[in-house]
Every structure is written in structure tokens, then in C-alpha cells.
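Counting from 1, the numbers follow the sequence of the chain as shown.
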Amino acid sequence: MKYKENWSESAVRFTKWWNGEKTDRPLLWIVAKKEHFDEEPEKITPASNEIEFHLDVDRKVKEMRNMCKTHTFYGDAYPYMSVDIGPGSMATYLGSEPIFKWDTVWYTECIKNWNDWPDFKFDNNNYWWNKHYSLVKKARELSNDDFFIAITDIVEGIDIIANMRGPQNLCYDLIDNPDVIHSRIKQLDNVYFEYYDRMYDVVKQEDNSSCYMCFSIWGPGKTAKIQCDFSALMSPDQFREFAVPSIRKQCQRLDNVLYHLDGVDALRHVDELFKIKDIKAIQWTAGAGKPDGGSEQWYDLYEKVRSAGKALWISIGSGCIDEWIAKADNIIRTFGNQGLYFLFPVMSDKDAKKLLLKAEDSWTY
């Protein structure tokens, strides 16, 4: 890549992290703002509305190039961009309409009665699928392979049903119409890969590697984040019945799987997740108002994750650079330097070099 030095070293480190193999140090996502620019950033006209903000690929690629010109990708960070139309865009391919906001995209609840809604099938004529697919293809062409184009956050399974049906209605469905939900989830298990595989074929590299937009993950082969955010509203029995079989099927068709564990209400399901051997890594999101991933409050969870043989993705972001370093250092002293991926906020070049120096001095084997 044009804007990343020593990518081959980071690629080896990522591959070993996924495979549970020994690495020289933890994975480190460190992006720093340059003090002086080798290339002047291009002047770009800002988006005039929410839709343009999300869908104007020409502007997005220029913004990404400006990002690359003005920042340095240290550690294992790499430049990538995503052409995303919100978390769970498969809902739009299946009949929901997106509601564009400056900071996110929502989807209309469109399924009022299951008897009136057709089976979930791949629809090559769907407007939003064609629109999204064409935008991803255009982004890949415009990138000139100077940076990665990421697989977008399609999302899968019961979370798509929650988007289209509404979380409250789905809670009732699990009790009143369980057979319907089982049937619909099975349909989505296949439909997901009809869309994922086409996206993957557009963005994959010559060696078939790929990166996924969520949580800055790259891996050899088909790489993805999977989730079940709706699990926060499910009992352990419901999670085992409705979510786990679908998650297992997805994992079997992917090469590298990171599970997005979202919020304290999802913690009651971790023992079931640990039984799924093809989940290779766990990403912990504590939720609004909770301490960041560096807090000792989450050490019990981290101990369970590492004991289960899963890799850990940890975001550290509150406080200053010395606090970030201290939090990461304490985690490494507690759990060792293997199977860890730390993501830090964008920082100054001075702070990035300070962090790297600590890593070289204390976090290598």
C-alpha cells in the first residue's frame, strides 16, 4: 500500500493473532496526525445533506486520500475506507428503507405481518443492493489500491429481523411465533452470504485477503465481524435456541471471525459463545457511560476470553497518552502479550512514538 510501511510484518502479525499463534508483541492500532505534510491535502466541498454525506463516493475517496496524506499509520494500523449505508444494510436489500442521519443510518420497521411478507431471498433487482454494490465497486476503482476498501457492515441473522420487524415485536414473536422466526433465520443464513460473497469479490486483494470495516480487522481469506446485539433482550435459553445455531453456520463459512459483544446485558451469553470454536476473537463494547476497555472492571471477562482460547480486541481511549500506556501495560502484565489487539484513538506524532517506544521496550517477548 502507498501509505503504509512494513505492511507485510503487520499482515503476519494479524494472521498469527487470528490463528492463536505466538506473536512478537500485541497488535497495535496507532494512527498519528502528522506535524508536517509531504503532500498538501486536497480542498473538498463538504456534503450538503445527509444522503450525500453517506453516498458520495468521489468525495469519500478524496477524504480518505487527505487522511492518508495528513496521518501516519504506525504499529499495525493500515489505511482503509468503507462505503457504508449504516449498520445492518442487508435490511435495505430485503425491503426496509434507510433513514439517513449525519452520524448514522436507521431503517424503517417494515414487517407488520409475517403472513404478508415474502421469504427472504437474494434480490439482484433491489434498488439499495444495486446502489450499494455499485458504490463499493466505484470506491475500489478510485482507490487505485493505495488503501483497502473494506467489506461493509451488512450484519446478519436475528439482528436484521429486529431492524425490519422492530425489537418489541420480535420479543413477542420469540414466544408467540417461534417456528416463523426459526424459518426466517435459516433463510437469512443463506441470503447473508449471497450479499457478503459479492462484496468480498469486489474488495478482496490478490492473495484473497480482506478487511472488514468494523473494528479495523484484516485477515487472510474471508474476514468478518459477526454479532447478535438483540441478545441483550434474550434469555440464555432463547439465545441458545435462536442465535447460536445461526452463528455456528456463519462461522463455518468464514475464515476469520470476530464476535462483537455489545454491552453488559450481553455478558450472560458469553459461555455459549466460548463453545463456538470458529469464533477466533472477541471484541468487547461496554456501552455508553461505562469505562473503556482498559478498565480493570473488565478483567474477569478478559480472563474468561483468554481461558477459552479466544483472542481479545480492546479499545483504550479515555484519558491521556500516559493513561493509555498504563492501561495497556497493566493488561499485558496481567494476561501476557499474546492474543491481544489494542486500538487507540488518533493521537499526535509525539505520543505515537512514545507509545511505540514503550511497546518495543516492554511488550515484546
Side-chain angles (χ1 to χ4, degrees), residues 1-19 23-42 44 56-84 135-153 196 199-225 254-256 258 281 311 313 315 341-349 351-353 355-356 359-360:
M1 285 179 289
K2 180 178 179 180
Y3 301 102
K4 170 66 179 177
E5 295 182 358
N6 300 323
W7 167 243
S8 59
E9 295 176 11
S10 292
V12 169
R13 204 171 284 123
F14 267 104
T15 302
K16 289 184 175 182
W17 181 76
W18 285 116
N19 293 337
T23 55
D24 58 336
R25 61 158 172 77
L27 283 169
L28 301 173
W29 185 272
I30 306 172
V31 179
K33 183 74 178 288
K34 291 181 178 180
E35 296 179 2
H36 306 286
F37 306 148
D38 298 325
E39 301 177 77
E40 283 299 315
E42 181 180 351
I44 301 173
D56 183 355
V57 170
D58 294 271
R59 190 199 78 255
K60 281 178 169 287
V61 170
K62 291 177 183 178
E63 289 174 343
M64 185 63 216
R65 289 196 183 280
N66 280 353
M67 168 73 177
C68 292
K69 293 174 183 177
T70 57
H71 292 75
T72 302
F73 298 86
Y74 287 115
D76 305 297
Y78 56 84
Y80 74 95
M81 68 166 284
S82 174
V83 185
D84 201 37
L135 293 176
V136 174
K137 289 177 67 177
K138 186 176 184 180
R140 178 66 192 268
E141 293 166 2
L142 293 174
S143 74
N144 198 33
D145 286 339
D146 292 336
F147 44 83
F148 290 143
I149 304 299
I151 297 170
T152 60
D153 197 15
Y196 176 95
M199 290 286 194
Y200 167 77
D201 286 340
V202 171
V203 305
K204 67 182 179 182
Q205 300 300 300
E206 289 184 1
D207 61 359
N208 291 324
S209 67
S210 61
C211 73
Y212 199 91
M213 66 158 290
C214 294
F215 312 121
S216 305
I217 52 175
W218 172 95
K222 295 182 177 181
T223 300
K225 171 273 302 172
L254 295 164
D255 297 302
N256 312 294
L258 175 142
W313 185 108
S315 176
Y341 180 2
F342 292 106
L343 185 140
F344 300 95
V346 175
M347 63 188 73
S348 69
D349 198 71
D351 285 348
K353 290 176 179 176
L355 177 53
L356 284 169
E360 292 168 0

Given side chain to side chain contact (heavy atoms under 4.5 Å, CB included), test D146 with M1 step by step and report yes or no. CA-CA 5 Å; D146 292 336; M1 285 179 289; over 6 Å; no
Indicate yes or no: at least one non-hydrogen side-chain atom of [X] is less than 4.5 angstrom from one of [Y].
X	Y	result
M67	V31	yes
C68	F147	yes
M81	K60	yes
L135	R140	no
F148	V203	no
W29	F342	no
F344	Y74	no

Any chance you could lay out the salt bridge (charged side-chain N to carboxylate O under 4.0 Å, His left out) test for K69 and D38, step after step, and finish with the verdict? CA-CA 7 Å; K69 293 174 183 177; D38 298 325; over 6 Å; no
Does a side-chain N-to-carboxylate-O contact under 4.0 Å join [X] and [Y]?
X	Y	value
R13	D24	yes
K137	E141	no
K2	D145	no

Hey, does the side chain of [X] reach the backbone of [Y] with a donor-acceptor pair shorter than 3.5 angstrom?
X	Y	value
N19	T15	yes
K62	E42	no
T23	P26	no

Reported [atom1]-to-[atom2] distance for the pair [X] and [Y], which is rounded to 0.5 angstrom:
X	Y	atom1	atom2	value
E35	K33	CD	NZ	11.0 Å
Y196	D201	OH	CG	10.0 Å
E63	D56	CD	CG	8.0 Å
E39	N66	CD	CG	9.5 Å
M199	I151	CE	CD1	9.0 Å
I149	M64	CD1	CE	8.0 Å

Pairs under 3.5 angstrom only: tabulate donor-acceptor contacts from the side chains of residues 208-222 to other protein residues two or more places apart or in another chain.
from: S209; atom 1: OG; to: D207; atom 2: OD1; distance (Å): 2.7
from: S209; atom 1: OG; to: W218; atom 2: NE1; distance (Å): 3.2
from: S210; atom 1: OG; to: G221; atom 2: O; distance (Å): 2.8
from: S210; atom 1: OG; to: T223; atom 2: N; distance (Å): 3.3
from: Y212; atom 1: OH; to: T152; atom 2: O; distance (Å): 3.3
from: Y212; atom 1: OH; to: D153; atom 2: OD1; distance (Å): 3.3
from: S216; atom 1: OG; to: Y80; atom 2: OH; distance (Å): 3.0
from: K222; atom 1: NZ; to: D197; atom 2: OD1; distance (Å): 2.9

Applying side-chain contact (heavy atoms from CB on, under 4.5 Å) between I30 and each of T72, V346, L355, report the one that passes.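 The single option meeting the side-chain contact (heavy atoms from CB on, under 4.5 Å) with I30 is L355.
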Can you name the residues that form a salt bridge (charged side-chain N to carboxylate O under 4.0 Å, His left out) with K16, not counting sequence neighbours?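 K16: no salt bridge (charged side-chain N to carboxylate O under 4.0 Å, His left out) contacts found.
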Looking at residues at least two apart in the chain, or sitting in another chain, which of them share a salt bridge (charged side-chain N to carboxylate O under 4.0 Å, His left out) with K353?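 In terms of salt bridge (charged side-chain N to carboxylate O under 4.0 Å, His left out), with neighbours along the sequence ignored, K353 is linked to D349.
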Going by the angle between their ring planes, with limits at 30° and 60°, are Y341 and F14 parallel, tilted or perpendicular?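 If you compare the ring of Y341 with that of F14, the planes turn out perpendicular.
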Closest non-hydrogen atom pair, D76 against S10: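 The pair with the smallest heavy-atom distance is OD1-OG, 2.8 Å.
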Ring centroids only, cut at 6.0 angstrom: are F73 and Y3 within range, meaning strictly under it?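 F73 vs Y3: aromatic centres not under 6.0 Å.
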